[in-house]
Amino acid sequence: MRIVVMDGAATGAQAQALIACLAPDAAGRPAILATRIATGRGAAEQFPLLATELFAQCGWGHAMPDLAGVVVGPGSFTGLRASLAFAHGLAAGSGCTVVGVTGGEVMAPALRAAAAPLGAVALHCTMARRGRVFIETLGTPSALAPVRACMLTAPDLPPGPLLLAGNGAQAVMEAAGGRDGLHLLPDAPPDPQAIAAAALLRLRGDLLPRAAQPLYVDAPEAKLPAAGLRPAPVTP
């Protein structure tokens, strides 16, 4: 199976957006064939061009991927839409399957392994705009992972020991003001193998279904004009 993965969820001027090609190794695990990192604002908008380079490096054409695994959020509004639009475009042209996974679902195996010896609950934290952070709790076999937004000035954290991960983990720990029982998992660049592994779990039904659409935590900010919509065009 030929797999392309994309993560355009990171926000800010220092964001790293990942696109990579993978294929199963002899043991059936996704192995990296080629990868590219785009940086800065609007990084995910480079995916179509970077994919052309990657596919050429792997000897693929745009019609050859079998699976597109895409991080659906939480994260950058533009990055999520750009990466998912490109993935669905590949699907329209090649017939490949598009599978969406969250940042917490991608990191879940590593988070559970690190949290178990600490007796801690794992939280995946993603920086958001306006001094806020998105906090994702790991899902269960019967429920998808819940995601909520909270202000860093007053982080609403569950009681007990916690393991914080993600690009907002350090900010959450600092905002918690020295609370006992907090543990930090160092932030790391996007991992294409972890994205592919999570996408394959969902494809096989080992994760509950999730739409391959942007995961928006906030309510839409767009509003209808105060004077209402303009009338529909009149046919001559």
Side-chain angles (χ1 to χ4, degrees), residues 1-11 15-24 30 32-108 126 128 134 136 139 144-145 147 190-222:
M1 174 181 286
R2 294 175 292 259
I3 306 169
V4 58
V5 299
M6 290 173 259
D7 183 357
T11 60
Q16 290 189 332
L18 165 83
I19 182 168
C21 294
L22 304 93
I32 300 172
L33 302 179
T35 184
R36 295 285 188 280
I37 296 288
T39 59
R41 299 186 187 278
E45 296 173 33
Q46 302 176 45
F47 282 167
L49 178 60
L50 296 177
T52 299
E53 298 176 4
L54 287 175
F55 293 168
Q57 183 177 340
C58 297
W60 297 4
H62 281 77
M64 292 179 67
D66 302 300
L67 172 66
V70 190
V71 175
V72 298
S76 162
F77 178 89
T78 303
L80 298 179
R81 290 178 66 87
S83 51
L84 278 159
F86 179 54
H88 285 291
L90 284 175
S94 70
C96 73
T97 302
V98 179
V99 173
V101 292
T102 69
E105 288 170 340
V106 169
M107 290 192 66
T126 303
F134 297 135
E136 180 180 357
L144 291 173
V147 185
D191 182 347
Q193 289 173 296
I195 299 171
L200 287 170
L201 287 175
R202 174 147 286 133
L203 182 68
R204 295 166 183 160
D206 296 323
L207 289 178
L208 291 176
R210 180 186 292 276
Q213 298 295 335
L215 172 63
Y216 296 140
V217 182
D218 295 327
E221 295 182 0

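These numbers come from the heavy atoms of this one structure, side chains and all, not from hydrogens, waters or symmetry mates. Residues take their numbers from the sequence shown, with the count starting at 1.
- The distance from the CD atom of E45 to the OG atom of S83 is 10.5 Å, given to the nearest 0.5 Å.
- Counting all heavy atoms, side chain and backbone alike, P74 lies closest to F134 at CB-CD1, 3.5 Å.
- Contact detail for P30 and L22: the closest heavy-atom pair is CB-CD2, 4.0 Å.
- The two residues A51 and I19 come nearest to each other via the heavy atoms CB-CD1, 3.8 Å.
- By the side-chain contact (heavy atoms from CB on, under 4.5 Å) test, Q16 is found to be paired with I37, T39, P189, P190, residues two or more places apart in sequence or in another chain being considered.
- You'll find the side chain of L18 reaches within 4.5 Å of the side chain of I195, heavy atoms only.
- Between M1 and T97 there is no side-chain heavy-atom pair separated by less than 4.5 Å.
- Counting only heavy atoms from C-beta outward, the side chains of L80 and V72 never approach each other to under 4.5 Å.
- L215 places a side-chain heavy atom less than 4.5 Å from the side chain of R210.
- Residues passing the side-chain contact (heavy atoms from CB on, under 4.5 Å) test with A68 are V4, A87, C96, V98, sequence neighbours excluded.
- Between V101 and L201, every side-chain heavy-atom pair lies at or beyond the 4.5 Å cut-off.
- Within the model, atoms CG of D7 and CZ of F47 stand 7.0 Å from one another, a figure rounded to the nearest 0.5 Å.
- The structure places CG of D66 at 7.5 Å from CH2 of W60, a figure rounded to the nearest 0.5 Å.
- Note that the CE atom of M107 and the CD atom of E136 stand 10.5 Å from one another [nearest 0.5 Å].
- Shortest non-hydrogen contact noted between S94 and P65 is OG-O, 4.0 Å.
- When every heavy atom of C21 is checked against every heavy atom of L54, the shortest pair comes out as SG-CB, 3.9 Å.
- V99 places a side-chain heavy atom less than 4.5 Å from the side chain of L67.
- Between atom OG1 of residue T52 and atom NE2 of residue H62 there is a gap of 3.5 Å, rounded to the nearest 0.5 Å.
- Counting only residues at least two apart or on different chains, the ring pair (Phe, Tyr, Trp, His ring centres under 6.0 Å) pairs with a member in residues 64-97 are F77-Y216.
- Panel note: side chain R2, backbone M64; a donor-acceptor pair is recorded below 3.5 Å.
- Interatomic distance, L84 CG to Q213 CD, rounded to the nearest 0.5 Å: 6.5 Å.
- Counting only distance, with no hydrogens or angles, the side chain of Q46 and the backbone of A38 share no donor-acceptor pair below 3.5 Å.
- Panel note: side chain R202, backbone L208; a donor-acceptor pair is recorded below 3.5 Å.
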query: I3 and L200: side-chain contact (heavy atoms from CB on, under 4.5 Å), yes or no, with the steps?
result: CA-CA 10 Å; I3 306 169; L200 287 170; 4.1 Å; yes

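- Heavy-atom contacts from other residues, nucleotides or ligands closer than 6.0 Å to CZ of R81 number 12 or fewer.
- Nearest heavy-atom pair, P209 versus L144, reported as atom, atom and distance to 0.1 Å: O-CD1, 3.7 Å.
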